[in-house]
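Here's the structure we're looking at; comments come further down.
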Amino acid sequence: MIYFGADYYPEHWDEDRWKTDIQLMAQAGFNVVRLAEFAWSVLEPEDNVFDFDWLDRIIDLLGQKGIKVVLGTPSAAMPPWIQQAIPDVMLVDANGVSRGYGSRRDYSPTNDVYIGYAVRIARKMAEHYANNPNIIGWQIDNELGDRCYAPSTKRQFQQWLQEKYGTLDALNQCWGTRFWSHVYQEWSQIPVPLMTATGPHNPGLHLDFYRFISDVYVDFQQKQIDVIRSIVPEYHFITHNLMGFAYPNINYFDFSKDLDFISWDNYPRGFWITDDEIDPTVPAISHTLMRSLKKKNFWVMEQQSGHGSWTIMPPIPRPGEIELWAYQAIAHGASGIVFFRWRTARFGAEQFWHGILDHDGVGRRRYAEVVNVGKTIKRIQPYLEDAQTNAQVAILFSYDSSFAFEIQPNNPDLSYRNHVHSYYRALHKVGIDVDFVAPDEDFSNYKLVIVPALYVTTPETVQHLTSFVERGGIVIVTTRSGVKNIDNAVVDSPLPGLLQDLCGVQVDEYDSPLTGQNYAVEFTEEVSSSLISDGGAEAASIWCDVLQTLSAKPIAYYTENYYAGTPVITLNSVGQGKVIYVGTIGNQALVQSLVSYGLQLANLKSVLCVPSGVEVTSRWQGDQQILFVLNHNLNPECIELDSEYLDLVTCQNYVDQVDINPKQVLVLKRVGT
Ligand code: GLA
């Protein structure tokens, strides 16, 4: 079953409107809504005084129309009486400033009194709704993760360190605290990395702090999970609405472990968008990471359905985009699409964050799109029941490396996420499904593993990679891998450190080019004849290793700068497999060529060759492949087919080729299978 619905805030509207809302929802084919996520002050208007009557009534009305409910625990929005009751409840930022009350997610996640209140309301809700047949699951809080530097955070950080290191000697050793005279003699001397007078913090301390904050939120969430799970029936799920690939503050692999499945919030035209053309790989990479966290289908708990902004408004979703984004999510494994929000708020901070209905309660073009996509989803869902993505390529994604690069970017243009994204984009362009894997995960089932800038490297990951390659796997490792140990100290061996044997190269020195300095790269004749390039000139940029080959052989050379004529990309044979080392961040043309080479070595290619801007993904129901083809372009495209297909959306058969309109989606099933 695909769940389809909206985030609904009935407490924002007069009760006599509810029936009209539910009627319109039923007409749109909704089978789920999310409720109560920020409703604390109406659920518990006074300390320990609870009012579930209004929520009971709306759940009952929804139930009469067959619409199920996901309940949000309301701890993301603190009622004024709690703020008054706990003097030091507010989140403290990295400048040491205690943030003002008046928004949401403004509590300190290390404040035990606040946590007590949050767990109590979660328990009360669980007790009240455990046996309500219309409730199917729970969402904990909302988009957790803001970093806090409050005194309570500092105390808990010190405890966390004590548990991790055991002795101060061990901590001092790992962090190298002799530097700038920071040898700690008492746990209570250790600071949180507040803004200093003159320079950066110790990178070991800083990385541990980011790990600690991530753990704080894992625990914060766990306390609510535990209390709810101890009360509700087993078939109630528990999830959280994460923030996709871009969100840097939480190690989402850790955070997902005890959730039944992942949900995330998808705003392709959210208020941070400056370009009118939406890059389809931006939502796609988040869908992929969210699915990969548990290697399981996921929900979009907030799917954009109108202008996405608070005070100024970016362009509204273009005609067709609401449908296209919903299908894109399903193409990547979504089994729930919940639009944010049902009706646009007339008051409050989000008056301009539009929903499906406008302020006046009328559903116009955007409602029509939602209705349309809902109808089709209902029809195609039997083909998608439990359908999985079977990726044969993995990208290794390391939150430790992400935290460490955030602390020390190395080069102002080096963004770990952009670098990972460039490899994802190259695979997306040629229609290859991919999973993300954590550094400690088993990746023996893949054929090609891409390891972009694995800055913080552990012996275990190297061991995994080595046995994967020995058994015939293909690996691409890129520059700035193997630089740091687990304590965020630079390794005391030649780079790429622990990965040197696997890659068969040594980094003799490295250059950190200025913005815009691109140095042309030339592949060897043997390799270049087999590359599928995107037509652009391949160039090194942002980081340039000067390499000495050991067991590896060069496959591309720099042609400019003082390192012209030295290798930039190498190939090493290890056991039955091969390792490509890429000594630069490079431009997209370079990454595209490299990915085509890696795919060739791994013997992988896409089912369909599609023009740029057309996305192809597959979902598998056992042996039955369902192909999604999505045209993100503003012009029609023609797709060559390798056999006869039935399009489940239009119910038409196509042979040889099919024309696809702008924003159109095909859901193809091979005829005869
Ligand atoms: C987030 C939140 C929602 C809503 C939207 C729009 O994704 O989860 O509650 O506030 O942003 O701001």
Side-chain angles (χ1 to χ4, degrees), residues 5-13 32-43 69-79 91 99 102-107 109 118 137-146 217 220-221 224 238-250 252 255 259 262-273 282-283 286-287 289-290 298-317 322 325-326 329 334 336-359 366:
D7 302 303
Y8 183 34
Y9 299 89
E11 69 277 20
H12 295 180
W13 309 99
V32 74
V33 294
R34 183 191 66 188
L35 298 179
E37 177 212 34
F38 295 118
W40 202 344
S41 67
V42 284
L43 291 171
V69 170
V70 178
L71 282 175
T73 68
S75 49
M78 166 169 39
L91 183 135
R99 287 293 174 95
S103 181
R104 59 161 177 192
R105 284 204 316 266
D106 44 8
Y107 57 83
W138 300 79
Q139 173 195 296
I140 309 292
D141 203 278
N142 169 272
E143 296 186 341
L144 288 166
D146 300 292
Y217 281 107
F220 182 93
Q221 172 175 258
Q224 294 195 32
I238 302 184
T239 187
H240 177 75
N241 56 334
L242 284 74
M243 285 177 278
F245 173 74
Y247 192 68
N249 293 1
I250 295 190
Y252 274 161
F255 187 74
L259 294 171
I262 295 303
S263 309
W264 82 282
D265 298 343
N266 183 20
Y267 294 100
R269 283 185 188 275
F271 54 119
W272 52 91
I273 286 292
V282 172
S286 284
H287 289 313
L289 179 64
M290 297 298 103
F298 60 94
W299 282 30
V300 178
M301 193 59 95
E302 296 179 13
Q303 174 62 59
Q304 183 169 2
S305 64
H307 290 281
S309 189
W310 288 335
T311 53
I312 45 170
M313 286 174 263
I316 193 165
I322 291 174
W325 294 335
I337 307 283
V338 183
F339 290 97
F340 186 86
R341 49 185 281 155
W342 170 243
R343 176 172 170 186
T344 314
R346 289 187 39 241
F347 35 63
E350 295 194 339
Q351 293 170 342
F352 296 146
W353 202 295
H354 285 65
I356 299 170
L357 307 191
D358 291 311
H359 293 101
R366 304 192 308 284

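In listed order, ligands and their atoms are each counted from 1.
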Subject >> R99: partners by salt bridge (charged side-chain N to carboxylate O under 4.0 Å, His left out), with sequence neighbours left out >> reply: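 Expected list: D93.
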
**OP:** Only counting residues at least two apart or in another chain, list the ones meeting salt bridge (charged side-chain N to carboxylate O under 4.0 Å, His left out) with D358.
**Re:**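 Testing D358 for salt bridge (charged side-chain N to carboxylate O under 4.0 Å, His left out), a comparison that skips the adjacent residues, returns R364, R366.
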
**OP:** Would you please classify the geometry between the Y252 ring and the F255 ring as parallel, tilted or perpendicular, with 30° and 60° separating the classes?
**Re:**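 Because their plane-to-plane angle lies in the 30° to 60° range, the rings of F255 and Y252 count as tilted.
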
Subject >> Within the protein, residues bringing a heavy atom under 4.0 Å of ligand 1, chain by chain >> reply: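 Within the 4.0 Å shell of ligand 1, which is judged on heavy atoms, sit F38, R104, N142, E143, N241, D265, Y267, E302, W310, F340, E350, W353.
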
Original post:
When you check the side-chain N and O atoms of S263 and Q139, is any donor under 3.5 Å from an acceptor?
Top reply: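 No, because no side-chain N or O of S263 sits under 3.5 Å from a partner of the opposite role on Q139.
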
Original post:
Y107 and F220: aromatic ring centres closer than 6.0 Å?
Top reply: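 Yes, the ring of Y107 comes within the 6.0 Å limit of the ring of F220, centre to centre.
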
Original post:
What pairs of residues pass the salt bridge (charged side-chain N to carboxylate O under 4.0 Å, His left out) test when at least one of them lies in residues 32-41, not counting sequence neighbours?
Top reply: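 Passing the test, one end in residues 32-41: D7-R34, R34-E37, R34-E302.
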
